[in-house]
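Everything below concerns the one structure shown next.
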Amino acid sequence: MKVVIVGGVAGGATAAARIRRLDEDAQVIVLERSGYVSYANCGLPYYVGGVIRDKEELTLQTPEKFRKRFCVEVRTRHEVTAIDPLGKKVTVCGLDTGEVYEESYDKLLLSPGAKPVKPDFPGMDSDRLFTLRTVEDTLHIREFMERQAPKTAVLVGGGYIGLEMAENLMEMGVQVTIVQRPHQLMNTLDYDMAAFIHAKMREQGAVLKFGSNVTGFGAQDGFVEVYLQNEEPLRADMAVLAIGVSPDTAIAAQAGIRLGIKGSIVVNDKMETSVPDIYAVGDAVQVRHSVSGRDALISLAGPANKQGRIAADNICGGDSRYQGSMGSSVIKIFDMTAASTGLTEKTAEAAGISYDKIVLFPLSHAEYYPGARAMAMKVIFEKDTLRLLGAQIIGYDGADKRLDVLAAAIHAGMRADLLKDLDLAYAPPYSSAKDPVNMAGFLVENLVSGKIKQFHWHEVPGLPRDGSVFLLDVRTEEEYKRGHVDGFINIPLDQLRERLGEIDIQKQVYLMCQSGLRSYLASRILSQKGYGCRHLSGGYGFYNTVTSEKCFQPFSHPCGAEKQDLAEKKREKDPCMGTQTEKDLEAASARESYFS
């Protein structure tokens with residue numbers, strides 16, 4: 001059997017090695033148009049920034065290593081320009097020699113990847129305008145950085161490549177402006193969670209220009225100019241175009257292979273195309289979103305590698321099936337981690353799924369062990385069935401770990417409330433006795449059982465201020481003075497029982513605290529006294545972050561600034577808790593009883 005593989009990065013290289021492991025006698029040829037094979041796309045921005053110093057570290061394998069270890073022939077700088085499905089051969093052009101020849105195949109695997117979107121703008125040929133997709137692109141940018149030492153850069157696009165490039169350029173002292181039409185960075189997050197990314201980028205010195213349409217580029221006085229619709233142009237030493245990628249499927253279309261959304265290659269769960277003996281994997285293929293069931297394009301290395309393995313199994317006579325993708329991803333943004341999996345609110349709504357959501361700020365590990373920091377966690381689930389749909393986490397240590405647990409739970413079809421029952425590893429440096437994932441399960445259980453009701457940040461402006469409802473802020477007086485929402489009356493949680501007479505039991509009570517913990521506790525007090533109440537999901541800090549895009553620092557303690565306030569108070573007897581101090585009580589609540 002002779003197998004020809006078009007494209008030698010994630011999916012193609014994985015398939016080549018797998019085929020050899022399954023069939024020692026197969027002839028395997030990999031045709032890669034770039035000068036490198038099996039390279040680390042995701043590491044390219046970090047070479048530009050000098051985090052990865054040796055370019056050799058970007059290549060996981062070389063043609064020589066493939067030949068020695070796997071007896072696979074890899075031809076770099078060879079581009080497949082046409083496919084003849086009836087004759088079962090491809091036309092190949094040697095880019096360095098200009099030689100054109102035909103290569104026959106028994107099985108053909110297409111792994112051409114995706115190419116950067118390049119609009120037909122004026123000035124696209126500027127030598128100060130870059131895209132980042134291949135090792136050659138990376139070397140080009142790095143060479144420019146070393147030669148020109150740019151001080152300013154404009155990045156067009158705020159997705160993964162845009163943000164990773166921004167971080168690496170800023171770490172090198174470059175002033176960065178990010179320009180894009182959408183009003184948020186990272187469309188894999190909902191706007192409210194992306195607000196933390198906006199705050200971090202601005203904190204680090206980036207300028208964010210949302211709602212701006214780029215119309216072209218120009219050169220003047222050694223600078224690149226970025227032209228904007230109905231706005232003054234931006235001038236910088238360099239610009240990077242990172243507005244997305246599109247499937248590179250021209251040869252597939254020419255061969256009559258069925259195409260799907262955005263020109264992607266349609267495959268079945270065995271990674272077979274519509275043409276016999278032709279398979280396809282990676283960024284160029286249309287997949288099924290495993291949560292929504294809808295067709296999707298998901299350009300990530302993990303799915304591409306899995307697909308390459310599955311295609312190889314089936315090429316060798318096996319029966320492996322691809323279960324779909326749910327887009328689990330993670331990105332480093334300076335010292336912050338942003339991770340997501342499954343559906344966002346936007347995609348759940350687009351899929352017509354009736355959903356609910358929770359927002360909480362659990363600690364990364366035991367509060368008493370040094371270095372504990374809270375993470376912003378959002379979990380989305382189906383209303384009727386409680387099926388987990390998606391999760392988004394912004395934080396520091398441990399954010400990726402919790403996202404992976406949630407991704408596994410979603411893949412397993414778990415109900416959101418059953419997260420409380422997961423038996424997860426605990427030691428003070430790593431977690432709490434009730435892990436953040438367990439906390440999410442407790443909160444969902446409280447919601448569905450009716451123990452609490454909630455309202456969300458976007459509903460705050462529409463709450464009546466005419467006295468028909470009671471708006472209550474249960475933070476400390478000091479926190480309230482530092483900032484509060486108009487119309488909310490301050491009664492600190494620890495005074496609530498003694499001041500119930502100030503709250504009209506005939507009115508619906510809307511509760512707010514800093515992060516959602518104390519408003520939950522207040523909700524339990526009031527509801528058992530006959531009050532109808534709802535508490536603000538995520539608290540005032542979350543609301544303030546989203547609406548003003550000022551990071552309220554939820555990442556040190558779930559009670560926000562109150563911890564410092566309480567630490568200054570002397571030990572005193574609580575009428576309901578014996579001799580516990582307020583400080584000890586709040587710390588205990590944070591450690592052990594967050595939404596439980």
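In this chain, numbering begins with 1 at the start of the sequence shown.
- Between the side chain of Arg288 and the main chain of Gln323, a donor-acceptor pair closer than 3.5 Å is present.
- In terms of the ring pair (Phe, Tyr, Trp, His ring centres under 6.0 Å) criterion, His289 has no residue partners (sequence neighbours excluded).
- Taking Tyr531 as the reference, nothing meets the ring pair (Phe, Tyr, Trp, His ring centres under 6.0 Å) condition, with sequence neighbours excluded.
- Heavy atoms only, all atoms of each residue included: Arg294 and Ala350 are closest at NH1-O, 3.0 Å.
- Sorted by first and then second residue, the salt bridge (Lys or Arg N to Asp or Glu O under 4.0 Å) pairs involving residues 439-468 (not counting sequence neighbours) are Lys420-Glu445.
- Residue Met193 comes nearest to Ala376 through the heavy atom pair CE-O, 3.4 Å, listed as atom of the first residue, atom of the second, then distance.
- For the pair Gln307 (side chain) and Gly282 (backbone), a donor-acceptor distance under 3.5 Å is present.
- Salt-bridge formation is not detected for the pair Arg482/Glu479: no Lys NZ or Arg NE/NH1/NH2 atom is positioned less than 4.0 Å from an Asp or Glu carboxylate oxygen.
- Note that the CG atom of Asp295 and the OG atom of Ser264 stand 8.0 Å from one another [nearest 0.5 Å].
- For His365, the ring pair (Phe, Tyr, Trp, His ring centres under 6.0 Å) partners at least two apart in sequence or on another chain are Tyr369.
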side-chain hydrogen bond (donor to acceptor under 3.5 Å, both in side chains) assessment of Ser432 paired with Tyr426
CA-CA 6 Å; Ser432 298; Tyr426 161 60; over 6 Å; no
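- For Asn305 and Thr14, the side-chain atoms include at least one donor-acceptor pair closer than 3.5 Å.
- The main-chain N or O of Leu343 is never found under 3.5 Å from a side-chain atom of Thr347 such that the two would form a donor-acceptor pair.
- Looking only at side-chain heavy atoms (C-beta outward), Glu164 and Ile331 come within less than 4.5 Å of each other.
- Heavy-atom contacts from other residues, nucleotides or ligands closer than 6.0 Å to CG of Asp423 number 12 or fewer.
- Pairs of residues two or more places apart, or lying in two chains, never qualify as salt bridge (Lys or Arg N to Asp or Glu O under 4.0 Å) while including a residue from residues 521-542.
- Evaluation of the side chain to side chain contact (heavy atoms under 4.5 Å, CB included) rule for Gln180 yields Pro182, Leu185, Phe210 as partners, not counting sequence neighbours.
- Counting heavy atoms from C-beta outward, Ile261 and Leu297 have side chains that approach closer than 4.5 Å.
- Looking at heavy atoms from C-beta onward, Ile491 lies in side-chain contact with Ile503 at the 4.5 angstrom threshold.
- At a cut-off of 3.5 Å, with distance as the only test, a side-chain donor of Gln392 or Asp190 sits close to an acceptor on the other residue.
- Checked for salt-bridge contact, Asp435 and Arg402 meet the test: a charged N lies under 4.0 Å from a carboxylate O.
- Listed by first and then second residue, the salt bridge (Lys or Arg N to Asp or Glu O under 4.0 Å) pairs that reach into residues 325-339 are Glu167-Lys332, Lys200-Asp335, sequence neighbours excluded.
- With rounding to the nearest 0.5 angstrom, the CZ atom of Phe455 is 7.5 Å from the OH atom of Tyr510.
- Contact check on Asp192 versus Lys378 returns a salt bridge, with a Lys/Arg side-chain nitrogen under 4.0 Å from an Asp/Glu carboxylate oxygen.
- Across every non-hydrogen atom of Pro436 and Leu360, the tightest pair is O-CD1, 4.3 Å.
- Note that the CG atom of Leu424 and the OH atom of Tyr430 stand 15.5 Å from one another [nearest 0.5 Å].
- Contact of the Leu511 side chain with the Leu526 side chain is registered, since non-hydrogen atoms from C-beta on lie closer than 4.5 Å.
- A side-chain contact (heavy atoms from CB on, under 4.5 Å) with Met512 is found for one member of Asp473, Leu471, Asn490 and no other, namely Asp473.
- Judged purely by distance below 3.5 Å, without hydrogens or angles, the side chains of Thr337 and Tyr396 never pair a donor atom with an acceptor atom.
- Residues Arg415 and Thr385 have side chains not in contact (no heavy-atom distance under 4.5 Å, counting atoms from C-beta outward).
- Taking the salt bridge (charged side-chain N to carboxylate O under 4.0 Å, His left out) definition, one finds that Asp269 meets it with Arg321, sequence neighbours left out.
- Once rounded to the nearest 0.5 Å, the distance linking CG of Leu386 with CG of Leu419 reads 10.5 Å.
- Within the model, atoms OG of Ser523 and CD of Gln528 stand 9.5 Å from one another, a figure rounded to the nearest 0.5 Å.
- The 12-atom threshold is exceeded at CD of Gln495, counting heavy atoms of other residues, nucleotides or ligands nearer than 6.0 Å.
- Judged by distance alone, with hydrogens and angles left aside, the side-chain atoms of Asn438 form a donor-acceptor pair with the main-chain N or O of Leu422 at under 3.5 Å.
- For Asp356, the salt bridge (charged side-chain N to carboxylate O under 4.0 Å, His left out) criterion is met by no residue, not counting sequence neighbours.
- Between Tyr355 and Phe381, the ring center distance fails the sub-6.0 Å criterion.
- Lys357 pairs by the salt bridge (charged side-chain N to carboxylate O under 4.0 Å, His left out) definition with Glu345, not counting sequence neighbours.
- Listed for the Ser364 side chain is a donor-acceptor partner under 3.5 Å among the backbone atoms of Arg373.
- Taking the six-membered ring for Trp and thresholds of 30 and 60 degrees, Tyr191 and Trp457 have ring planes inclined between 30 and 60 degrees apart.
- Sorted by first and then second residue, the salt bridge (Lys or Arg N to Asp or Glu O under 4.0 Å) pairs with a member in residues 381-390 read Glu382-Arg387; sequence neighbours excluded.
- For Lys209, the salt bridge (charged side-chain N to carboxylate O under 4.0 Å, His left out) criterion is met by Glu231, not counting sequence neighbours.
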For Leu447 and Gln454, run side chain to side chain contact (heavy atoms under 4.5 Å, CB included): C-alpha distance rounded to whole Å, both residues' side-chain angles, the deciding distance at 0.1 Å, then the answer.
CA-CA 8 Å; Leu447 274 176; Gln454 61 183 4; 3.4 Å; yes
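- A donor-acceptor pair is defined here as one N or O able to donate and one able to accept, closer than 3.5 Å; such a pair exists between the side chain of Asn314 and the backbone of Ser320.
- Taking the ring centre of Tyr540 as origin, the terminal cationic atom of Arg475 falls inside the region bounded by 6.0 Å and 45° from the ring axis.
- Applying the 6.0 Å contact sphere to NZ of Lys262 captures no more than 12 heavy atoms from other residues, nucleotides or ligands.
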His484 and Tyr480: ring pair (Phe, Tyr, Trp, His ring centres under 6.0 Å), yes or no, with the steps?
CA-CA 6 Å; His484 61 270; Tyr480 184 81; 3.9 Å; yes
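- Closest approach of Ser292 and Ala351 over heavy atoms only: CB-CB, 4.1 Å.
- Contact between Leu189 and Ser340 at its shortest, heavy atoms only, is CD2-CB, 3.9 Å.
- Here CD1 of Ile298 is found 7.0 Å from OG of Ser290. Values are rounded to the nearest 0.5 Å.
- Gln184 places a side-chain N or O within 3.5 Å of a backbone atom of Met186 that can act as its donor or acceptor partner.
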Given side chain to side chain contact (heavy atoms under 4.5 Å, CB included), test Val207 with Ile178 step by step and report yes or no.
CA-CA 6 Å; Val207 176; Ile178 299 178; over 6 Å; no
